[in-house]
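Here the structure is laid out as C-alpha cells; the discussion comes afterwards.
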Amino acid sequence: NARVEYSLDAAAWVEMSGSATSVTVAGGTRVSGEAYTASGDTAFITAGKREPIEVTVAGVYSETTGDPEFFEALAAVYESGAGCAIRWSPTAYDTTNQKRYTTANTAGSAAVGVITAWNYPSVDISSGDPIIVEFTVKCAGLLTEDSA
C-alpha cells in the first residue's frame, strides 16, 4: 500500500498513488579521494560532498487531470522550466514509525527539485498494456520522516 504524491511548492500535496507504478532513487554518492604516501601499505582517503539525488517516478499515462493523474499537470510544469517536489512512502504512512521520503534542499527541508527528464508517451499498437510514462526530479537530498 505505497503512497506517492507531488507538489509544486513542497507544501500542498496531490496524491498520484492511483496512477504511479514505481519510484526509483539514484545518486547521493559521496565524492571521495585517495593518495598514497611513501610510508605504509594503504591509501590516505578523504571524503567530499554528496552528489544530487535523482527521483524517477513512472506511472500510467492519462490525458485527464486531477487526483490521481499527473501527466497533464506536470507536463506543463516541465515545459515551463519549473519543478516539483516528490513525496513517497513504501507503506501507507498511517501506522506509527512508517517512513516517508521527500525531495529536499541542502538544509534538509522539503523542497521543489528540477524536473530534468520527461518521458512523453510512446505507443506500441500491438500491445494491450497501459502506456507508461516517467519523469525525473533532481534535488540536493531527501527528507526522511516517521509517521506519528
Side-chain angles (χ1 to χ4, degrees), residues 1-35 43 45-148:
N1 240 4
R3 184 175 189 142
V4 184
E5 301 165 293
Y6 74 87
S7 174
L8 304 182
D9 61 5
W13 295 91
V14 178
E15 186 166 359
M16 56 189 282
S17 301
S19 59
T21 58
S22 69
V23 176
T24 307
V25 181
T29 302
R30 186 172 298 280
V31 177
S32 65
E34 58 192 55
I45 300 172
T46 58
K49 308 264 184 187
R50 287 181 293 160
E51 295 175 350
I53 302 280
E54 292 185 324
V55 179
T56 300
V57 179
V60 177
Y61 170 75
S62 172
E63 294 179 359
T64 60
T65 58
D67 177 7
E69 314 302 338
F70 66 90
F71 185 83
E72 289 295 322
L74 292 183
V77 172
Y78 168 71
E79 290 168 0
S80 74
C84 71
I86 301 296
R87 183 166 76 178
W88 71 100
S89 176
T91 61
Y93 196 69
D94 59 4
T95 303
T96 302
N97 296 326
Q98 290 181 327
K99 301 288 185 196
R100 179 170 69 189
Y101 304 92
T102 308
T103 54
N105 56 25
T106 55
S109 300
V112 169
V114 177
I115 299 175
T116 59
W118 186 261
N119 170 240
Y120 288 95
S122 298
V123 178
D124 179 358
I125 303 304
S126 66
S127 174
D129 292 339
I131 297 171
I132 303 297
V133 292
E134 66 181 27
F135 64 96
T136 301
V137 175
K138 186 180 276 192
C139 59
L142 294 178
L143 168 64
T144 304
E145 301 172 291
D146 286 327
S147 61

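Remember, predicted model here, so these are calculated numbers, not experimental data.
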Rounded distance [0.5 Å steps], [atom1] in [X] versus [atom2] in [Y]:
X      : Y      : atom1 : atom2 : answer
Ser62  : Ile131 : OG    : CD1   : 10.5 Å
Arg3   : Ser17  : CZ    : OG    : 6.0 Å
Thr144 : Arg100 : OG1   : CZ    : 11.0 Å

Test your reading of the model: is there a side-chain donor-acceptor pair from [X] to the backbone of [Y], 3.5 Å cut-off?
X      : Y     : answer
Ser147 : Gln98 : yes
Thr136 : Val55 : no
Thr29  : Glu51 : no

Inset, instruction - Check whether any side-chain heavy atom of Thr116 sits under 4.5 Å from a side-chain heavy atom of Val137, and report yes or no. - result: no

Inset, instruction - Compare all side-chain heavy atoms of Ile53 with those of Thr103 and state whether any distance is below 4.5 angstrom. - result: no

Legend entry - Over all atoms of both residues, closest heavy-atom pair of Met16 and Val57: CE-CG1, 3.5 Å

Legend entry - Atom of Ala104, atom of Cys139 and distance for their closest heavy-atom approach: O-CB, 3.7 Å

Legend entry - Contact list for residues 92-117, test ring-ring contact (aromatic ring centres under 6.0 Å, His included), sequence neighbours left out: Trp88-Tyr101

Inset, instruction - Report the C-alpha separation of Leu74 and Leu8 in whole Å, then their side-chain angles, then the decisive distance to 0.1 Å, and conclude whether the side chain to side chain contact (heavy atoms under 4.5 Å, CB included) test is met. - result: CA-CA 9 Å; Leu74 292 183; Leu8 304 182; 4.0 Å; yes

Inset, instruction - Could you point out which residue of Tyr61, Phe70, Tyr6 forms a ring pair (Phe, Tyr, Trp, His ring centres under 6.0 Å) with Phe135? - result: Phe70

Inset, instruction - Output every pair passing side chain to side chain donor-acceptor pair (under 3.5 Å) with a member in residues 70-87, not counting sequence neighbours, ordered by first then second residue. - result: Glu5-Arg87, Glu79-Tyr120

Inset, instruction - Write out all pairs satisfying salt bridge (Lys or Arg N to Asp or Glu O under 4.0 Å) with one or both partners inside residues 128-141, taking only residues at least two apart or from two chains. - result: Glu54-Lys138

